[in-house]
Number of protein chains: 8
Amino acid sequence: MSLTVYLSGEIHTDWREQIIEGAYGLDVHFESPVTDHAASDDCGVAILGEEPNKYWHDHKGAMVNAIRTRKGIVGADVVVVRFGEKYKQWNAAFDAGYAAALGKSLIILSQPEHQHPLKEVHAAALAVAEEPVQVVEILRYVLTGKLPG
Amino acid sequence: MSLTVYLSGEIHTDWREQIIEGAYGLDVHFESPVTDHAASDDCGVAILGEEPNKYWHDHKGAMVNAIRTRKGIVGADVVVVRFGEKYKQWNAAFDAGYAAALGKSLIILSQPEHQHPLKEVHAAALAVAEEPVQVVEILRYVLTGKLPG
Amino acid sequence: MSLTVYLSGEIHTDWREQIIEGAYGLDVHFESPVTDHAASDDCGVAILGEEPNKYWHDHKGAMVNAIRTRKGIVGADVVVVRFGEKYKQWNAAFDAGYAAALGKSLIILSQPEHQHPLKEVHAAALAVAEEPVQVVEILRYVLTGKLPG
Amino acid sequence: MSLTVYLSGEIHTDWREQIIEGAYGLDVHFESPVTDHAASDDCGVAILGEEPNKYWHDHKGAMVNAIRTRKGIVGADVVVVRFGEKYKQWNAAFDAGYAAALGKSLIILSQPEHQHPLKEVHAAALAVAEEPVQVVEILRYVLTGKLPG
Amino acid sequence: MSLTVYLSGEIHTDWREQIIEGAYGLDVHFESPVTDHAASDDCGVAILGEEPNKYWHDHKGAMVNAIRTRKGIVGADVVVVRFGEKYKQWNAAFDAGYAAALGKSLIILSQPEHQHPLKEVHAAALAVAEEPVQVVEILRYVLTGKLPG
Amino acid sequence: MSLTVYLSGEIHTDWREQIIEGAYGLDVHFESPVTDHAASDDCGVAILGEEPNKYWHDHKGAMVNAIRTRKGIVGADVVVVRFGEKYKQWNAAFDAGYAAALGKSLIILSQPEHQHPLKEVHAAALAVAEEPVQVVEILRYVLTGKLPG
Amino acid sequence: MSLTVYLSGEIHTDWREQIIEGAYGLDVHFESPVTDHAASDDCGVAILGEEPNKYWHDHKGAMVNAIRTRKGIVGADVVVVRFGEKYKQWNAAFDAGYAAALGKSLIILSQPEHQHPLKEVHAAALAVAEEPVQVVEILRYVLTGKLPG
Amino acid sequence: MSLTVYLSGEIHTDWREQIIEGAYGLDVHFESPVTDHAASDDCGVAILGEEPNKYWHDHKGAMVNAIRTRKGIVGADVVVVRFGEKYKQWNAAFDAGYAAALGKSLIILSQPEHQHPLKEVHAAALAVAEEPVQVVEILRYVLTGKLPG
C-alpha cells in the first residue's frame, strides 16, 4: 500500500518538514499548498494584473491557489489539517470540510485549547493528534502495521 | 423555481430571522442547524450518556448535530454561511468547504475586517454580502428577476 | 426539516414499533425490510419457482429482498441498524457498511456485550445507542432541537 | 489486464498467504488490513493517547484502521471477504456491504454451515467459494482465461 | 414504500397492461417507452424533417426516443425488461445494461428457451421471471411483505 | 411521465413563450434564466455594491445569475438551448456543455446558417430543431407518444 | 494521449486481432472478455462446483465472467462492441448499454442488415463502422490526427 | 505535484506551442484536440463513409472528434480554453461548460474586447488571462510556488 497525503493548514512552523522527514522510507507521497506566504497572497495580481481593490487582489490570488489546493485534496488518500496557535485559519477549516465531503480520510493536528471550537471538525476526522510525530506514527502503522516503541 | 436554502454559521444574532422574514412570500424553504447553543453542546451526552472527558462530551454532541447539518447541506440548493464578529467559527468554514465540494451555490455573509482571512472561502462563493438584506435581495432576484429599489 | 429513516437489522423484538410510536408527531418517514421471517426466507421460491438446493432457495429470496433493502437504504437520510442478542446478523452489518459507503447518517443500536466486535461498525456511526428511546430522542433533537427531560 | 484485490475478513488462519502464493505469477496486486490482532486493537491509544474507557479505546483504534481499510476497498477491483468459523465477524460483513455499495466485484469465502445467515452477503457477490484455491482459480481465469484442470 | 417501475422491452403483447392491472392498489408508479411501433420509428423525421437515408431516419427517431427512455430508467427504482419471442431486441438488452450500470434493481421477464443467450443479462438481475404475474407478485411482496396464495 | 425543461440561450425573441404556450396541457415544468437583460447585467452591483471596473461589475452579476442557471440545469430532465442570429452567445454554448457533462437530454434550437460552427454542440444533442413548435412536438411526443398532424 | 480500449461482443471471428494488429505502434492498451467460448461457459462450475440445473450452471459462469467484463468496461476510455451475423448477442447489447450509462465513448461495429434493430444502440455511439480497419483508423486519427490515405 | 492540462479552443495561432515551450521543465502533461482544421472537419466521412448532406458530414466528424475531446477533458486537472478573435467558437464555450460541470480547474485565455460576452464563462474560471505566458506563469506558480520576475 502507498498513500498520497495532502498537508493542509498552518504555514508558519516546520510541521510539514517534521512529518515528511519522519516518514522517510515509507511509501508516502506528500503534497502541500504553496507555503510562501507572500507569494501565496500576491500570486493573482503578480501574474494576472494589479487590482486597486484589496478584495479583488485577494480574490485573484485565492483563485489561483485553488488550482493547487483542489488538485491536492482531490488526489489525496489522506488529508492532514493543522490548526496553529494564531490567526483565523478559516482556509484550514474550509479544506477540512472540502475533504470530508469527498470522503477523504481526515487527520486533524490541533492543540487542546482549541478542542471545543474544533469539535465539528474533529467529529469528521479519523484521528486527532497534537504532535507531528503522531501523524508519522499513524502513517507508519497504516502502511506497515508497526506501532511505535 | 423554488429554492432550498441552508443557513449555516453564527448563532448569536438574529440574522436568520431577518432573512426568513425578508424572504416572506418567496418560494424558499429554509433549513438551519440547531441554534440553541446549550442544547447543541450537550445533545450527545444528554441522550447517549455522560462522558467524564470533555473531548468525548463534545464529540458525541458534534456527531449528533452532524445528522442535521449533513441533511441540511446535502438537500440545499444554496448554502449561506455567516461569519460573525467573535469566536473561531471553524464549523462555519467547515460547512462552507463541505458545501463547495458538493457543488452547492455558496453565499458568504461576512464583515470587511474579515476579508483577508476569508479570501479562500470567498473565492468559492457565488456572492459575498455584508448584510442579511442583501441575501434576501439575491434570493428575490434569483427567483423573480426583480432587483431592489 | 423532515427525515426518512430506514430501520435495519434484528426482526425478533418490537424495537421498530417502539421507535415509530415514540416518534409520533415528528416529521419522520420510516421504512423497514420485510420483517415476516418466513415470508422473507421463502419469497424467492414462492414467486419464482422451487429450488431443490437450499443455497439457491436462499439466494432467490435474498435477491428479491434486496429490491426493498436497496430502495430503503438509498432513499434514507438516516439508517438505524439494530444488533440483537442472537444470530449471526451479518445482514445487519452488511447494511451498515452499505449505508456508510453511501454517506448515510448511521445510528447503531446495540448492547454493551457486543461493543468490541462492533467497533468497526460503531466507528462509522454518528451515534451508538442501547435503547430504542434514545433513537427517538435523537430524531426529536435533530428535527426540533429539543432535548429530553 | 491486472487486478487489485483487497483481502478482507478473518485474520486467524493463513488464507491470505495461500491466495497470494497461489497467485504467484499473475498480474495481481494484493492489499489487506493490518492482520496483527494486538496492534490492530491498540493502535489508536498507542499513538493518540490512552483512554480509560474501553469503548473509546476501541473507537480510536477502529478509526485509525479505517484509514487503511477504506483505501484498500476504494482502490480495489475485487474485494474478497472471508468468514471464518469463530467470532462475530461483523467487520467482515461491514466491509462486504461497503464494497457492494461502491460496485466492487465481491468474492465471498465461507463455509457451508454459514450459508443461511450469509445469504444477503452472498446475494451481493459474483462468486462464493469455500477454499482459497478457488479464489486463486477465479483470479487466474479472469486474468488469463485458463481454467484449472 | 412506493416504487417507480420502468417497463422496458417487447412491445407486441399486453404484458405491460397485465402488470399494471395486476398491481392495481399497490403504491407503484409505472413508466414505459412509447409502444406505438410506427410512431416510435418515425418520430424523428415526422418532427425534425425527412431523411432520404434510412440510417439517419432511424437515428433521428432513436435519439428522440432516448429522451423518454433515459428519463424513465434514470427515475426508476426498478427496471423490468421483457424479452419476447421474436426480433433481435437489442434495445431491450441495451436498456438492461444501462439500468445495471446505474445500480437499478433489475427484473428480467424471459422465456426458458432464451436462458443461455440471456445469461449475462440474468446475472445482473435481482429476479428472473417467466410470467407478468410473477412481476406483480414481486412488487406486492416488496411493498407489502405478502406472498401469493 | 412529467418533464422539467430548462430553456437556455437567446433572450431577445419570444421563443420561450411560444414553447410554453404550445406545451399547454402537457405535464411539463419550465424553468428559464432571468431574461430581463438589464437586470441580468446589473444584478451583482445592484445588490452587492458598485464596482468601478467593468470586469468585476460583470463578474459579480454573472456569479449571482449562476445561482439560478445551475439550479435550472441541474434540476432539468431536458435542456433546450437556443442560438439566435446575433451576438456571441458563448453563455448558451457554455450551458450546453454544462448540461451535456451532466448527462441531460439536450435539444438545440438553431438556424441552418449556424450549422457548421455548432457541429460540436449538435453532436452532443438528442435533437436539433429550427422552430420552437418542433420543440413542443418533441415534448408532446415524449410525454404522450402522439406525433403531429 | 493514450487510450484504453475494451473490445466487446462477437467472439467467433478474428476482428479483435485485426484491430490489435492494425493499431500496432499506436499508444493503445486493449482489453477483451475471455474469448474461449467453452471456458467462458463453464468457468463457474469448473471452479466453484457443479450445478445440475443449467440455469445455475450458466449463472455461476456469467457472474465470474462479470468480474472481467466490469473491470474492462469501467477502466476503458473507448468501448468497441461488435455485432456479428449470428446468435442473439444480448450480452453485446448489454455491454453497450452499460458502457453508455458510464459515459464511455462507444464505437459500434455492425453490418448494414442489422441497422434497424440496432438503431437505439447506434444512437448512443460516437461512431458506427462496418469493418475493423475503420476502428483502427478512428483510433489512429484520435491519437495522432492522421487520416487514412 | 504534476498536472495534466487540456488546451481547448482556438486553432489558428501558435498559443499552444507558446505554452508548451514556456512550460518546458515543469511537470506538466499537455493534451489538445486535433488542430489540423481540414482533418478535423473531414475525419468522420473520411473514415466512416461519405455523406451527401453537410449536416451529417459535420455530425460524423464532430462525433469522432468527441472521442478525443472527452478523453482530454475528463483526464485533465486543468482545462485552458482560448477564445480567438474570429469565428463563433461555440465549441470552445461548450468545452468550458463541460469542464466546469466536471469540476475541472478552468483557465480562460481571452481578449478584453470579449469581456462582456464571456462573463458567464469567466465566472466559472479560476483565472482569466490575456497572454499565453500568463498561463505558463500560473502553471509554474501552481507547481513550484515561484512567481515571475
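Per chain, numbering begins at 1; letters A, B, ... match sequence-line order. Because only heavy atoms are used, hydrogens play no part in the values below, and waters and symmetry mates are left out as well, while side chains stay in.
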Heavy-atom pairs under 4.5 Å with chain H: which of [options] has the most?
options	result
D41(F), L102(F), N65(F)	D41(F)
H122(F), R70(F), M63(F)	H122(F)
A99(F), G61(F), A123(F), A62(F)	A123(F)

Item to check | From CG (N91(F)) to CD (E120(H)), nearest 0.5 Å | outcome: 4.0 Å
Item to check | Between CG on residue L106(H) and CZ on residue F94(F), distance to nearest 0.5 Å | outcome: 7.0 Å
Item to check | W90(F) side chain reached by W90(H) side chain, heavy atoms, under 4.5 Å | outcome: yes
Item to check | Between H116(F) and K88(H): side-chain donor-acceptor atoms closer than 3.5 Å | outcome: no
Checklist entry - Take atom CD in E85(H); do more than 12 heavy atoms of anything else shown fall under 6.0 Å from it? => result no
Between [X] and chain F, with a heavy-atom cut-off of 4.5 Å, which part of the residue counts as in contact: side chain, backbone, both or neither?
X	value
V128(H)	side chain
A66(H)	neither
D95(H)	neither

Checklist outcome for this item: Per-residue tally against chain F (heavy atom, under 4.5 Å) across P117(H), A92(H), P112(H) peaks at P117(H)
Checklist outcome for this item: Okay, K54(F) and chain H: the region with an atom under 4.5 Å from a heavy atom over there is both
